[in-house]
Amino acid sequence: MTPLAWKFVWTMAASWVLGVLWIVAFYLNPTLPVLDELGNWNLMVGFVLLVAGAGFGAAALVATMVAGARRRGRF
């Protein structure tokens, strides 16, 4: 994988971990200062982070495929 693809992979992993932690924190203690103000929108924040992680994963896949095509002289 290219260095750019690895950056996408690390960002993907961080986004997934943050999304899951956000949702878990909301379920465990919804009275925390920021979580209390957002209410049930906390679920949306968590799921947006999860979906963003999937987008970063797709970007890593595309970056790897383009780099492979360039190595083979097809692009």
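Position 1 is the first residue of the sequence, and the numbers go up from there.
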*How many angstroms lie between atom OH of Y27 and atom CG of L43, to the nearest 0.5 angstrom?*
4.5 Å
Check the hydrophobic clustering (I, L, V, M, F, W, Y; side-chain heavy atoms under 4.5 Å; chains of links allowed) and say if [X] and [Y] are grouped together.
X: M65; Y: V62; result: no
X: L4; Y: M12; result: yes
X: M44; Y: L32; result: yes
X: V34; Y: W41; result: yes

_side chain to side chain contact (heavy atoms under 4.5 Å, CB included) evaluation trace for W22 with L35_ = CA-CA 9 Å; W22 191 282; L35 301 179; 3.8 Å; yes
*Counting N and O atoms only, with roles assigned by atom type, does the side chain of T11 sit under 3.5 Å from a partner on the main chain of K7, one being a donor and the other an acceptor?*
yes
*Do T2 side-chain atoms and T64 backbone N/O form a donor-acceptor pair below 3.5 Å?*
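Checking the backbone N and O of T64 against the side chain of T2, no donor-acceptor pair under 3.5 Å is found.
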Indicate the atoms forming the closest heavy-atom contact of [X] with [Y], along with that distance.
X: G39; Y: F26; answer: O-CE1, 3.3 Å
X: L50; Y: V20; answer: CD2-CG2, 3.9 Å
X: F8; Y: F56; answer: CB-O, 3.6 Å
X: A5; Y: A63; answer: CB-CB, 4.2 Å

_Determine whether L49 and W16 satisfy the following criterion, side chain to side chain contact (heavy atoms under 4.5 Å, CB included), listing intermediate values before the conclusion._
CA-CA 6 Å; L49 287 168; W16 283 349; over 6 Å; no
*Take F47 and I23, measure what side chain to side chain contact (heavy atoms under 4.5 Å, CB included) needs, and give me the verdict at the end.*
CA-CA 8 Å; F47 283 117; I23 293 170; 4.2 Å; yes
